[in-house]
Protein chains: 2
Amino acid sequence: MPTDTTSTGASSGSRALEHPARADIRLTDVLHALADPMRLRIVRTLAAAEDELNCADIPLPVSKSTCTHHFRVLREHGVIQQLYRGTAKMNRLRRADLEDLFPGLIDGVLRAADLQARRLGED
Amino acid sequence: MPTDTTSTGASSGSRALEHPARADIRLTDVLHALADPMRLRIVRTLAAAEDELNCADIPLPVSKSTCTHHFRVLREHGVIQQLYRGTAKMNRLRRADLEDLFPGLIDGVLRAADLQARRLGED
DNA sequence: GCACTCATACGATAGACGTCGTACTACGGT
DNA sequence: ACCGTAGTACGACGTCTATCGTATGAGTGC
């Protein structure tokens, strides 16, 4: 029950995507997932949206295959939740699970990323 | 001056070890450095000690070469400060620099690691 | 000076990672 | 039924990583 992905109900519910159960999420895996510029950008965008986003809603300077790869890494390491909604695949941060396991961690990383972006004049 | 390693004075001051300046520390590098079980254990031990530690003071289930490798990664990514003191090499967390750049990040990771260790019965 | 200890350097190796392009599948609309 | 769109699968490629063993360098103490 920690990784219930059927809560939206109205989805066509075709293929199931494998997510790690909350208890199986490992800190080093999460850190590894976040330790990549592309993935960190994805996570920041998802966090800023506070709503589920289409893969294509997050512009990345890499090919579509690479994009798929990064989303999968984030999902398999327990950082995001993905579910199909028709032809699109919606993405959402697993805030509740992560907050339960590692309170404050994600917010700390996001704040750090914001500070660095401001400091370096990016973003 | 952000990376002054001569503050201890009494050290023999032989070889200098390269450390990134505070402004050059990148979040993804720090996360990557922490995203390894061995290195996370090193950092946790250093944080718990709150004092500088010899490399050999941190027992790791890997060879000495590998140990050296991990310490170098941590240093080159700005997580720890190393300085020679005679034949030993002392290690210390760069808490001030990291706290200045990414407030709360390290503490968040350490707390997360503690919680996970308790949850999994390790530690 | 010599032995001992702490740590490095240097290869070597096996595996993981980020990236790409192309071919393919799934769904939705017309 | 058909096409278009969103995303996957697969194979390839070069790079990076974690690990090791052995040989080497730097200090301490006898």
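Everything numeric in this text was worked out from a predicted model, so none of it was measured. Throughout, protein chains are lettered first and strands after them, A, B, ... in sequence-line order, and every chain is numbered starting at 1.
The nearest whole Å value for the distance from the CZ atom in B:Arg72 to the P atom in D:dC16 is 15 Å. For the pair A:Met90 CE and C:dC27 P, the interatomic distance rounds to 16 Å; values are reported in whole Å. Atom CG of A:Leu17 is separated from atom P of C:dT25 by 18 Å (rounded to the nearest Å). Summarising the geometry, the separation between NE2 on B:His32 and P on D:dT15 is reported as 17 Å, rounded to the nearest angstrom. If you measure from atom CG of B:Asp36 to atom C1' of C:dC17, you get 14 Å, rounded to the nearest angstrom. Rounding to whole angstrom units, CZ of residue A:Phe71 and P of D:dA9 are separated by 15 Å. Here the C1' atom of nucleotide C:dT5 and the CG atom of B:Asn54 are 11 Å apart, to the nearest Å. What separates CG of B:Leu83 from C1' of D:dA26 is a distance of 15 Å, to the nearest Å.
Judged by closest nucleotide on DNA chain C, A:Arg39 is the one of A:Thr87 and A:Arg39 placed further toward the 5' end.
Applying the ring-ring contact (aromatic ring centres under 6.0 Å, His included) test to pairs two or more places apart or on separate chains, none has a residue in residues 35-60 of chain B. Screening residues 53-69 of chain A for salt bridge (charged side-chain N to carboxylate O under 4.0 Å, His left out), with sequence neighbours left out, gives no hits. Applying the ring-ring contact (aromatic ring centres under 6.0 Å, His included) test to pairs two or more places apart or on separate chains, none has a residue in residues 41-74 of chain A.
No continuous path of ILVMFWY side-chain contacts below 4.5 Å connects A:Val79 to A:Leu83, so the two sit in separate hydrophobic clusters.
Listed by residue number, the members of residues 63-70 of chain A with any heavy atom below 4.0 angstrom from DNA chain C are A:Ser63, A:Ser65, A:Thr66, A:His69, A:His70.
Judged as a side-chain contact (heavy atoms from CB on, under 4.5 Å), and not counting sequence neighbours, the contacts of B:Ala47 are B:Leu93, B:Arg95, B:Leu110. Partners of A:His77 by ring pair (Phe, Tyr, Trp, His ring centres under 6.0 Å), not counting sequence neighbours, listed by chain and number: A:His32.
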